[in-house]
Amino acid sequence: SNLSPDNKKPINPDAALVEYLKEKSDPIVYEEIKMMVREGEDSPLHRIIARMEALPAHAVIPIHKNGLLGFLALGERHERSIFDQDLLGVLIVLCNKSALAIENAMYYEESQKNWAEMARDSRLKTMGSMGTGIAHQVRNRLNAISAQCMLLEDLLDSFDPETATREDCYKLKDECKKILAQIFKI
């Protein structure tokens, strides 16, 4: 029987098979582990055998890189031949290459996340600088307007309509226009 997509069953990370693979870096061959178990004895090996039968897997090869990343579960070989050391050696190399690919993918995802955070931080910093610059410019304009309004107020306070001549009124009007022109120019 071979492993098929229909045969997928979730494996608990605390399961005996996973714990065994975390501790050992060697492949597990069903026939070999079955010979290690005595009938009637309660050991984690019984649970490992039960899980391998449920998969069904005749060999399980851990994928290690700074800890267990996963494992490769292999079904029965064609013509029911055994998993010899040469074949297991090739599969271990394959799993080591897989571990490197998984580690690279994890690094890539992490670096993409870090890059996105740095880009976001940079945008926020730029927006903060722009906000500070805009606030400074607005404050400068408001100070200039305030100063011009104070000039206008002083000019109006010094104007006495009772004693003013027509020429004084025109001068006041011209001065007000100049001050307003300055305000609108700001």
Side-chain angles (χ1 to χ4, degrees), residues 3-27 51 55 57 60-74 90-186:
L3 289 176
S4 69
D6 303 338
N7 233 352
K8 291 181 183 174
K9 295 178 178 139
I11 296 179
N12 183 340
D14 297 327
L17 176 63
V18 175
E19 288 300 320
Y20 187 86
L21 292 171
K22 284 179 184 176
E23 292 174 20
K24 311 267 189 219
S25 60
D26 298 328
R51 173 47 82 181
L55 284 172
V60 178
I61 299 151
I63 300 173
H64 282 278
K65 187 76 173 178
N66 300 325
L68 182 68
L69 295 174
F71 58 87
L72 177 64
L74 302 162
V90 169
L91 293 171
I92 289 169
V93 169
L94 174 69
C95 285
N96 289 339
K97 298 292 182 186
S98 297
L100 185 59
I102 291 168
E103 187 178 60
N104 287 342
M106 290 167 48
Y107 172 76
Y108 178 77
E109 283 182 11
E110 186 66 29
S111 65
Q112 289 297 332
K113 181 182 162 193
N114 290 342
W115 184 87
E117 287 176 9
M118 288 187 321
R120 182 179 131 315
D121 291 346
S122 176
R123 283 192 305 271
L124 289 175
K125 184 178 176 183
T126 300
M127 288 173 45
S129 296
M130 286 174 47
T132 302
I134 290 170
H136 176 74
Q137 293 299 324
V138 168
R139 191 171 30 257
N140 285 347
R141 302 301 191 276
L142 290 175
N143 286 338
I145 290 170
S146 177
Q148 295 298 325
C149 288
M150 288 169 67
L151 281 174
L152 186 59
E153 186 179 2
D154 288 345
L155 188 62
L156 291 174
D157 284 345
S158 66
F159 182 76
D160 182 9
E162 301 289 326
T163 59
T165 63
R166 180 172 231 155
E167 190 175 306
D168 291 336
C169 288
Y170 284 127
K171 281 183 185 178
L172 177 64
K173 181 181 113 184
D174 289 340
E175 286 299 315
C176 287
K177 278 185 177 180
K178 285 180 190 175
I179 291 171
L180 289 174
Q182 285 295 318
I183 289 173
F184 290 120
K185 194 162 93 174
I186 295 171

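Nearest heavy atoms, Ile63 versus Cys95: CG2-O, 3.6 Å. The minimum heavy-atom distance between Leu68 and Pro62, with the atom names listed, is CD1-CB, 3.9 Å.
The CD1 atom of Ile92 sits 12.5 Å away from the OG atom of Ser98 when rounded to the nearest 0.5 Å. Between atom CD of residue Glu103 and atom NE2 of residue His64 there is a gap of 13.5 Å, rounded to the nearest 0.5 Å. Taking CG of Leu91 as the reference point, atom CG of Asn96 lies at 11.0 Å (rounded to 0.5 Å).
Screening Lys178, Lys177, Lys173 for a side chain to side chain contact (heavy atoms under 4.5 Å, CB included) involving Glu175 leaves a single residue, Lys178.
Taking the side chain as every heavy atom from C-beta outward, Arg51 and Val60 never approach each other to under 4.5 Å. Here the side chains of Met118 and Ser122 are not in contact, with every heavy-atom distance at 4.5 Å or above.
Under the side-chain hydrogen bond (donor to acceptor under 3.5 Å, both in side chains) criterion, the residue pairs touching residues 111-121 are Tyr108-Gln112, with sequence neighbours excluded.
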For residues 154-161, tabulate all N or O donor-acceptor pairs below 3.5 Å that involve a side-chain atom, not counting sequence neighbours.
| from | atom 1 | to | atom 2 | distance (Å) |
| --- | --- | --- | --- | --- |
| Ser158 | OG | Asp154 | O | 3.3 |
| Ser158 | OG | Leu155 | O | 2.9 |
| Asp160 | OD1 | Glu162 | N | 3.3 |
| Asp160 | OD2 | Thr163 | OG1 | 3.4 |

